[in-house]
There are 2 protein chains.
Amino acid sequence: MPKYVYGFAEGSKEMRALLGGKGANIAEMARLGPPIRVPAGFTVTTEACIAYLEGGGTLSGPLESQIDTALAKLEEETGKRLGDPSDPLLVSVRSGARDSMPGMMDTVLNLGLGDEAVVGLAEGTRSDRFAWDSYRRFVQMFGNVVHGIDGMLFEQAIREAKSARGVSLDTELETDDLRLLVARFKHIFEQQTGNEFPREPRDQLTQAVAAVFGSWNGARAIEYRRLNGIPDDWGTAVNVQQMVFGNRGERSGSGVAFSRDEISGGPTPSGDFLLDAQGEDVVSGTRDTAGLDQMAKLLPEAHAQLVEIVRALERHFRDMQDVEFTVEDGTLYMLQTRTAKRPPHAAVRVAVDMVEEGILSREEALSAIDAAKLEVLLHPSFDPDFEFEPLARGVPASPGVAKGKVVFTAERAVEWAARGEDVILVRPFTEADDVAGFDAARGILTSEGGKASHAALVARGMGRPCVCGASALEIDLEEREMRIDGTALAEGDPIAIDGTSGAITVEDVPLVEAEMDRYFRTVLGWSDEFRRLQVRANADRPADAEKARRFGAQGIGLCRTEHMFLDEDRQPKMREMIMAAGEAERRAALAELEPLQQADFEGLFAEMAGLPVTIRLLDPPLHEFLPRVEDLLAAIERRLVTGRESVGRLEGELRRVRELEEVNPMLGTRGCRLGLLFPEIYETQVRAIVAAAVAVRDRQGAAPKLEIMIPLVAFEAELAAMRELVERVAAEAVEGIATRPIAFEVGTMIELPRACLVAERLAEHAGFFSFGTNDLTQTALGFSRDDSEGRFLTEYLRRKIVGRSPFETIDTEGVGELLKMAVERGRRRRPDIGLGICGEHGGDPDSVAFFHSAGLDYVSCSPFRVPIARVAAAQAAIAEARQA
Amino acid sequence: MPKYVYGFAEGSKEMRALLGGKGANIAEMARLGPPIRVPAGFTVTTEACIAYLEGGGTLSGPLESQIDTALAKLEEETGKRLGDPSDPLLVSVRSGARDSMPGMMDTVLNLGLGDEAVVGLAEGTRSDRFAWDSYRRFVQMFGNVVHGIDGMLFEQAIREAKSARGVSLDTELETDDLRLLVARFKHIFEQQTGNEFPREPRDQLTQAVAAVFGSWNGARAIEYRRLNGIPDDWGTAVNVQQMVFGNRGERSGSGVAFSRDEISGGPTPSGDFLLDAQGEDVVSGTRDTAGLDQMAKLLPEAHAQLVEIVRALERHFRDMQDVEFTVEDGTLYMLQTRTAKRPPHAAVRVAVDMVEEGILSREEALSAIDAAKLEVLLHPSFDPDFEFEPLARGVPASPGVAKGKVVFTAERAVEWAARGEDVILVRPFTEADDVAGFDAARGILTSEGGKASHAALVARGMGRPCVCGASALEIDLEEREMRIDGTALAEGDPIAIDGTSGAITVEDVPLVEAEMDRYFRTVLGWSDEFRRLQVRANADRPADAEKARRFGAQGIGLCRTEHMFLDEDRQPKMREMIMAAGEAERRAALAELEPLQQADFEGLFAEMAGLPVTIRLLDPPLHEFLPRVEDLLAAIERRLVTGRESVGRLEGELRRVRELEEVNPMLGTRGCRLGLLFPEIYETQVRAIVAAAVAVRDRQGAAPKLEIMIPLVAFEAELAAMRELVERVAAEAVEGIATRPIAFEVGTMIELPRACLVAERLAEHAGFFSFGTNDLTQTALGFSRDDSEGRFLTEYLRRKIVGRSPFETIDTEGVGELLKMAVERGRRRRPDIGLGICGEHGGDPDSVAFFHSAGLDYVSCSPFRVPIARVAAAQAAIAEARQA
């Protein structure tokens with residue numbers, strides 16, 4: 001028979017999988033001993049949870065009997081008994097999965113109370129009011145959490161009780177009121193569940209444990225797991241622990257603390273504290289908390305001990321800690337400890353500080369950083385020179401600036417974001433149900449709660465800017481309106497928040513680029529020492545190139561020349577080119593575009609002096625530059641019906657668009673197919689590139705390191721023909737304007753499955769391969785990106801047919817396999833072939849790790865993701881070295 | 001120095017690559033000796049051609065000197081000299097590539113004539129008129145062929161000469177007229193070329209050889225090579241041969257002959273013969289020829305010798321022969337011999353007869369059949385019981401019935417066919433330029449020429465029905481009209497031709513299915529003995545299944561269930577299902593479709609009793625069943641402008657269509673993605689299948705051999721989920737209606753590159769794999785079939801970036817490689833996994849050979865292609881055995 005229950009003394013931090021993160025860490029703290037004091041208790045394992053869920057929802061006999069044994073031991077240790085009419089044992093029942101899932105699972109406090117035990121509690125604590133308030137809380141929490149009774153029913157009863165008594169605060173209710181409330185609550189319980197409120201503490205415990213287990217399969221838990229890639233079969237453990245009370249008067253209190261500043265990452269422990277309160281009051285965000293500095297004044301001894309303990313825990317766990325504690329009548333109890341979530345810039349600072357303090361090696365510190373979150377550190381902030389009066393200020397709960405349209409529900413956030421809108425999710429406070437909205441929103445704004453509120457924790461975890469507790473906000477969810485100081489904002493109105501300063505504004509404050517602080521520069525410097533992969537950027541314009549270089553890009557891995565045709569002054573000429581009746585007309589239109597494109601290239605080359613620049617010749621289908629058929633059709637139809645205007649020109653355009661229009665443009669006339677059908681387009685581009693290179697060489701003394709890339713190659717003959725075109729036109733172009741040739745490599749995108757299979761032949765004609773993993777994913781999986789995201793892919797993620805979106809993290813089994821095949825075959829023919837990737841996966845840490853292991857030379861990603869890639873590449877190299 | 005020139009005595013039939021087909025076979029005939037008599041001559045090699053083309057267009061010194069040597073030898077052998085004023089040597093200059101290219105290359109006759117030699121010729125032949133007519137012909141042909149002068153100029157001059165003389169036939173012109181014509185032709189030559197007509201025979205020869213070489217790169221030769229997959233670097237040889245004259249009076253003549261009947265394949269040699277004529281007159285189709293039976297009456301000795309020779313040649317070359325011959329003053333000369341093209345049913349009969357005559361083994365005979373052409377043998381013919389009066393009759397030149405719209409030019413044929421029209425190409429006679437039109441047309445109809453005319457030869461080669469020489473047709477190319485016996489047909493009017501009987505009609509004659517004759521049945525019987533691959537058919541309806549079974553299909557490899565939703569009575573319900581507001585409404589609509597689909601399946605199962613039936617669950621995206629956005633938009637726009645009708649319903653439809661519409665439907669919500677999003681659709685289908693299987697089992701005593709196939713699988717989890725659905729629903733469905741379960745296999749389409757890569761995991765859940773090579777080609781190559789064919793693929797074929805359309809013949813390097821990978825990986829997990837293909841490649845002989853070598857169990861193709869696949873599979877097995 002499996003061992004389903006472990007006393008705290010039997011566990012350790014290595015037993016996370018079995019005891020859950022919370023249970024393992026409580027056990028570890030218990031093991032460390034004084035000055036750490038942990039209330040006694042035991043953990044029911046995750047295996048028991050899985051057995052329960054598979055067994056159809058009842059606790060098995062063996063489990064019940066192991067709980068009995070553990071309970072007996074707990075009673076022995078504490079010298080108290082569950083349900084004892086004099087000084088009874090009360091326990092908390094909390095979930096604790098392997099990985100922390102904030103707000104996801106449910107907690108029941110004060111379990112063990114009943115009509116007899118409450119008398120015992122009153123005696124033991126010498127406070128009738130405390131005992132009955134605890135009982136009232138327990139019935140409410142048990143009804144709500146274990147049996148899913150609507151919390152509003154209990155709240156209404158409290159409101160009625162207060163109005164009957166003519167008071168407005170819960171604390172103004174007297175013992176008799178509370179006694180009546182307990183009766184009222186039990187009545188509600190019976191009405192709602194059809195059962196009597198369980199008198200037996202042991203029954204209460206069974207129901208509570210089952211409810212925690214059951215909540216593993218609640219909708220919001222499933223949603224959280226999906227977002228965070230947590231397997232369904234991990235299950236959750238349950239921790240049963242003796243209650244200690246922070247609400248026992250002026251020498252009591254509850255709080256959460258971080259071993260370092262949770263916002264800045266600075267070395268001073270920080271946290272939230274509430275005098276005379278239970279832990280739930282702190283975390284719920286409904287009461288305004290004080291900081292640890294306030295605690296130092298109120299309970300100096302407990303504070304000093306707390307600081308000593310969190311520092312010790314940090315050294316012991318070798319990572320920044322986030323603890324919950326309760327001070328009961330002057331005695332500090334540690335209730336849990338876990339790795340602290342921290343905003344990206346804090347993570348970076350903590351990493352550097354912990355290395356400098358000798359706690360971690362650089363490798364360890366680097367590996368602990370969540371590289372994916374670093375992008376926000378580079379995003380702009382409000383221009384400090386721009387004077388504006390914020391509409392209001394709140395608690396700066398997660399740093400960064402966000403601008404977007406106001407939405408008041410998570411559903412709306414998801415919906416609007418899916419159609420491409422930037423939104424700010426505005427709520428009085430947030431709950432687990434809102435998590436999907438966090439993912440969709442640019443930023444989060446609440447009117448209640450502080451830095452330890454749900455909104456703040458989740459926003460920091462996701463790297464979303466967040467302003468909390470902006471109490472000047474009046475949020476009217478029914479009217480979908482918020483009012484601040486006389487200004488009313490409806491859903492859809494623009495707003496901006498600064499999670500670093502707490503400012504809220506409707507002004508269009510200009511943004512300034514981020515400065516990289518010394519910590520970030522240090523981490524990136526270490527990364528560059530460890531990593532083997534080079535990191536380039538995808539950049540099409542000089543401004544992007546400048547940004548890329550500033551963020552440490554070692555070249556441009558992808559310049560998409562089509563973006564040069566989309567600028568306002570070029571589009572009409574591009575359209576002329578496409579509408580041209582024949583080659584001659586097309587050449588004339590191209591001739592006008594050529595100098596413009598040359599100027600673009602010059603800017604790019606000048607910016608990237610000394611570093612390689614990979615230019616991809618025109619890739620998208622031509623109809624992307626033309627008006628849509630629908631718009632043309634509607635216009636023609638309108639003119640036909642009114643009969644006022646001629647439709648000749650429009651019909652001409654329509655004909656051409658229809659000629660070019662494609663059923664599956666992704667698989668249509670694009671990439672090198674354009675170069676083969678309309679060689680004059682590529683010729684123009686090559687001439688512009690060469691002329692720009694000559695001009696920059698003349699000005700800067702050195703020619704750019706030029707790589708010309710052919711897109712969408714499937715056949716050897718395509719690449720051979722395009723290479724011939726490039727080399728011929730380049731030679732012709734240079735002849736008229738320079739005495740020395742311009743050196744360049746010709747290479748190919750590898751973005752079709754066939755290209756991977758015939759990579760050996762392609763290598764014959766290619767100085768380099770650049771994997772276009774976006775298109776390779778579309779073709780290998782048969783997933784149109786335009787059609788799958790927000791459509792069937794959503795369902796696939798929900799049903800876990802795919803673990804992550806294959807457009808975010810590379811599908812290693814399919815696309816990755818093709819890539820490795822191409823690497824192997826390409827190198828077989830040309831051992832020194834350059835190998836890189838320029839799909840969006842280049843900025844995704846998991847994908848970067850794969851590219852490292854696949855032996856590529858570089859990844860190329862958007863400028864803002866260059867630092868992510870640098871850190872991720874280092875982490876991959878460190879992980880590899882560790883394994884070796 | 002390479003040997004560029006070979007005397008006929010130096011060559012043999014093995015030297016085709018160097019001497020061309022014609023040159024090698026002439027040499028072989030010369031080697032065989034009497035009774036075969038071959039005019040003396042020599043061959044300039046294909047290597048000389050390539051050297052000429054690469055060398056920039058002049059004959060090299062070494063080549064000229066080798067020609068000099070060979071000429072001297074020829075003069076010695078014949079006892080005549082080029083340009084001799086008494087009895088000069090005249091030669092023909094003909095091209096001859098490795099593979100026969102009918103009508104593609106150019107011929108010059110009577111070369112060697114000049115103002116002096118003509119006198120010698122007159123003396124030698126004792127006919128002034130003959131000599132001057134020969135001279136006239138030579139100047140005309142040389143100007144036209146060697147220098148590209150418009151033939152109309154010469155024809156006009158002849159017409160003027162005739163009208164000046166007041167006669168209407170060429171033969172009525174007298175020697176003086178011809179003398180004047182020669183002068184006039186030379187004048188035309190000088191005007192058009194700017195040069196004097198070459199007096200020197202040796203100059204004439206150089207120019208003629210160069211012209212033959214140059215014509216290798218003519219547009220029509222390139223087009224022919226593209227259509228026939230002939231490499232560009234083969235080049236053509238040139239044959240220089242002493243002239244013999246069939247136009248030397250009543251004991252002379254020219255003709256072509258086949259060693260067997262060229263239409264029926266019967267054992268009697270057949271052919272065309274013209275008394276007192278040169279070979280060009282026979283082939284051009286401008287004079288009405290006689291058959292060999294006529295020749296037997298006119299020149300019995302020559303005829304007897306000819307029959308003896310063609311039979312001997314057939315035995316020697318081990319294949320049916322097609323010869324050209326000339327009888328000069330009673331003496332039979334063989335000018336060339338080659339493998340005879342023959343219509344498919346003749347090929348089949350010849351194969352069987354040659355085996356029965358002991359000439360060939362069954363393996364050899366089978367291998368000689370062009371399997372791709374067999375399809376026409378199964379196509380229907382006019383219903384013999386339907387009485388109709390043909391509008392006219394012509395020569396039955398290539399068998400089979402064709403119906404279509406009249407077009408008068410090859411361009412129009414190509415254009416209309418590209419947009420899906422069936423067309424009949426109608427011409428007075430055809431030339432090489434028309435070949436592309438043959439490919440596009442359903443059939444060919446000419447008013448001039450016989451069975452040996454260009455139209456007849458090419459049509460038979462391509463397996464297109466053809467009626468020739470329907471002299472009652474008056475074709476007015478300018479008016480684009482044809483008149484037959486008072487009936488006028490314009491371009492676009494429907495017509496039908498029967499190439500087996502020669503009938504032409506505008507009536508809509510009903511068609512009857514083809515009967516397989518004993519020869520075809522014999523060949524298919526042999527095939528079944530030799531082949532290892534099984535052959536199934538793609539069939540969606542009982543009628544198709546019946547056809548498939550009749551043609552020898554060993555099961556249904558693909559039943560596309562979507563076709564069952566497209567019938568008129570189902571489409572409204574299908575639309576209802578798609579427009580449904582939610583699952584409940586959708587289920588209601590599906591419930592109505594279920595019994596209809598069950599009936600379809602019952603029909604299919606009943607028809608295929610005892611053989612496996614593979615049913616693919618719904619595959620295409622749902623919007624394919626809805627109206628098009630454009631149509632809806634136009635209707636709404638119209639109503640909005642007129643303001644008369646409400647647009648509410650239309651807008652509802654539009655919204656739904658837009659919701660479903662996809663940017664790249666090929667890569668969108670289809671296949672098993674539908675099954676995952678709308679499981680009720682697949683559930684309905686499975687219930688219908690199972691109910692049908694039970695009903696058929698009850699009626700026929702045996703259950704169908706059922707295979708249920710999941711389309712568009714990329715991930716293991718998709719297949720696992722769909723398999724679970726199928727098994728669960730099947731078990732539920734059978735419960736209510738039968739006591740015994742229905743056995744079936746669940747398998748998957750392999751039609752995405754990822755599926756090939758993870759085939760080992762897919763095999764875990766699949767009893768069989770069926771390769772969907774159509775979609776696999778689209779995704780592996782990134783070629784949308786809708787967008788590439790007729791667009792960039794045309795250019796790709798022209799530029800030889802791809803040799804054949806990858807949608808016709810499998811791309812072995814890319815798609816084939818993926819397929820082999822999947823076979824290997826699938827078998828690794830499940831050694832007995834069923835492996836088949838059901839893409840259109842299943843009916844293409846080259847692809848079938850590949851599938852054989854890749855180790856598949858079966859191919860599945862359209863019913864009409866089943867016999868092709870049977871023969872191709874046997875050929876593959878024979879070829880493999882030969883290599884081993």
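Letters go in sequence order (proteins before strands), and every chain restarts at 1. The model shown is predicted, which means the values in this text are computed figures rather than measured ones.
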What residue, out of Leu712(A), Leu640(A), Asp811(A), has the most heavy-atom pairs lying under 4.5 Å from chain B? Asp811(A)
For the CZ atom on Arg586(A), are there more than 12 heavy atoms of other groups (residues, nucleotides or ligands in this structure) within a distance under 6.0 Å? yes
Could you pull out all residues at least two apart from Glu724(A) that satisfy side chain to side chain donor-acceptor pair (under 3.5 Å)? Arg728(A)
Chain A heavy atoms under 4.5 Å from Leu660(B): which part of the residue, side chain, backbone, both or neither? backbone
Part of Val758(A) within contact of chain B (heavy atom distance under 4.5 Å): side chain
Best-contacting candidate, Leu781(A), Leu633(A), Ile636(A), Val815(A), against chain B by heavy atom pairs under 4.5 angstrom: Leu781(A)
Among Thr669(B), Asp786(B), Asn664(B), the residue with the most heavy-atom pairs under 4.5 Å to chain A is Asn664(B)
For Ile801(A), which atoms come within 4.5 Å of any heavy atom of chain B: side chain, backbone, both, or neither? both
Please name all residues satisfying side chain to side chain donor-acceptor pair (under 3.5 Å) with Asp775(B), sequence neighbours left out, ordered by chain then number. Arg670(B), Gln778(B)
dist Met821(B):CE -> Met821(A):CE (nearest 0.5 Å) comes out at 3.5 Å
Between CE on residue Met666(A) and OG1 on residue Thr779(B), distance to nearest 0.5 Å: 10.5 Å
Per-residue contact mode, Phe783(A) against chain B (heavy atom under 4.5 angstrom): both
If you count heavy atoms of other groups shown closer than 6.0 angstrom to CZ of Arg560(A), is the number above 12? yes
For residues Pro665(A) and Asp787(B), report the shortest heavy-atom separation together with the two atoms involved. N-OD2, 4.5 Å
Name the option with the most non-hydrogen atom pairs under 4.5 Å to chain B; the candidates are Pro753(A), Ala717(A), Ala755(A), Ala720(A). Pro753(A)
Please identify each residue that fulfils side chain to side chain donor-acceptor pair (under 3.5 Å) with Asp232(A), with sequence neighbours left out. Arg225(A), Lys800(A)
Most heavy-atom pairs under 4.5 angstrom with chain B, which of Ala721(A), Gly668(A), Gly671(A)? Gly668(A)
Would you mind telling me which of Glu795(A), Arg785(A), Arg799(A) has the largest number of heavy-atom pairs within less than 4.5 Å of chain B? Arg799(A)
If you count heavy-atom pairs within less than 4.5 Å of chain B, which of Cys756(A), Gly814(A), Ala780(A) leads? Ala780(A)
Check ion pair Arg754(B)-Glu813(A) (N to O, under 4.0 angstrom): yes
Within residues 672-680 of chain B, contacts to chain A at heavy-atom distances under 4.5 Å involve Cys672(B), Arg673(B), Leu676(B), Leu677(B)
Close side-chain approach of Leu818(B) and Leu757(A), heavy atoms under 4.5 Å: yes
